Amino acid sequence: MPWHPGPFVVAAYAGTMTSPAPFVVRSAGTADVRRIHELLEPFVQKRILLGKDLVVLYGSVQQFVVAEVDGVVVGCGALHIMWEDLGEIRTLIVHDDWLHLGVGRALVETLEQRARELGVSRLFCLTFEVDFFTRRGFTEIGEQVVPPDVYSQLVRSPDEGVAEFLDLAHVKPNTLGNTRMLKNL
């Protein structure tokens, strides 16, 4: 039997006749990485999300939570810490069959709780789903959202998500055309 970390959030979903099972949001384990990759791939093909190699997903599995229904991963999201008070919600995906049923909201709420536990007071996301994140308290941002001394440290990061957050020239125009958003926790 594969190992599964304990649940963070149990979400009772109102359900429809086609999908009556409740879902659980829990920490991802290495056994979930291939399914996360499968969920990601169609969005990469549509140029909605940037692709991630399996080795990158395995290396960041501790950042992920997954939504699971009857042992099947139907959604995922990751929390990447960028600075002492700043994190990013990344790779938020919900399978088409589970859209508009509270899975995305539960994933974001779980990631926000993790961020608070780690001492993060602001969350960044780069998204096409502006309305979804606006309903969760995120607002669109411009440039200069960190002080110059923090900027000088962040600019050294090799992480593309940090480059997108800082709106650096080498990621302009925005590779995918999505919106930069921020939430104060």
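Because the structure is a prediction, the values reported are computed rather than measured.
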Applying side-chain hydrogen bond (donor to acceptor under 3.5 Å, both in side chains) to Glu129 and not counting sequence neighbours gives none

Within a strict 4.5 Å, meaning less than it, do heavy atoms of the Val108 and Leu123 side chains meet? no

Who are the side-chain contact (heavy atoms from CB on, under 4.5 Å) partners of Asp53, not counting sequence neighbours? Val55, Val56

Glu38: side-chain contact (heavy atoms from CB on, under 4.5 Å) partners, not counting sequence neighbours: Arg35

Test applied, side-chain contact (heavy atoms from CB on, under 4.5 Å); reference residue, Phe128; option that passes from Thr179, Ile48, Leu49: Ile48

Verify whether one side chain among Glu117 and Gln113 offers a donor that lies under 3.5 Å from an acceptor in the other. yes

Got Leu182 and Leu86 here, is their nearest side-chain heavy-atom distance under 4.5 Å? yes

Side-chain heavy atoms of Arg26 within contact of Val73, under 4.5 Å: yes

Report the C-alpha distance between Leu118 and Leu79 in whole Å, list the side-chain angles of each, state the deciding distance to 0.1 Å, and finish with yes or no for side chain to side chain contact (heavy atoms under 4.5 Å, CB included). CA-CA 11 Å; Leu118 292 169; Leu79 172 65; 4.1 Å; yes

Please list, chain by chain and in numerical order, all residues satisfying salt bridge (charged side-chain N to carboxylate O under 4.0 Å, His left out) with Lys52, sequence neighbours excluded. none

Among residues at least two apart in sequence or on other chains, which ones pass salt bridge (charged side-chain N to carboxylate O under 4.0 Å, His left out) with Glu140? none

Grab the two heavy atoms, one from Leu39 and one from Gly75, that are nearest each other, plus how far apart they are. CD1-N, 3.9 Å

Check Gly29 against Val61 and note the closest heavy-atom contact, atom names and distance. O-CG2, 3.5 Å

Quick check: closest heavy atoms across Gly137 and Lys183, and the distance to 0.1 Å? O-CG, 3.6 Å

Residues which pass side-chain contact (heavy atoms from CB on, under 4.5 Å) with Tyr58, listed by chain and number, not counting sequence neighbours: Thr30, Val33, Arg34, Leu54

For Gln45, side-chain hydrogen bond (donor to acceptor under 3.5 Å, both in side chains) partners two or more places apart: Glu41

Step by step, work out the side chain to side chain contact (heavy atoms under 4.5 Å, CB included) result for Ile93 and Leu40. CA-CA 7 Å; Ile93 306 168; Leu40 176 61; 3.8 Å; yes

Distance, nearest 0.5 Å, that separates CZ of Arg90 from OG1 of Thr127: 14.0 Å

Verify salt bridge (Lys or Arg N to Asp or Glu O under 4.0 Å) between Glu112 and Arg136, making sure each step is shown before the conclusion. CA-CA 10 Å; Glu112 287 179 359; Arg136 314 252 113 44; over 6 Å; no

Minimal non-hydrogen separation, Gly77 against Leu107, with atom names: N-CD2, 4.4 Å

cation_pi(Arg122, Phe124) dist<6.0 Å, angle<=45: no

Closest non-hydrogen atoms of Leu101 and Phe23, given as atom of the first, atom of the second and distance, are O-CE2, 3.8 Å

What's the spacing between Asn178 CG and Leu50 CG if we round to 0.5 Å? 8.0 Å

Contacts of type side-chain contact (heavy atoms from CB on, under 4.5 Å), residue Gln62, not counting sequence neighbours: none

With sequence neighbours excluded, residues passing side-chain hydrogen bond (donor to acceptor under 3.5 Å, both in side chains) with His80: Gln63

Kindly give the heavy-atom pair with the smallest separation between Ile36 and Ala28, and that separation in Å. CD1-CB, 4.3 Å

Heavy-atom distance under 4.5 Å between the side chains of Phe64 and Leu57, does that happen here? yes

Which residues pass the ring pair (Phe, Tyr, Trp, His ring centres under 6.0 Å) test with Phe138, sequence neighbours left out? Phe133

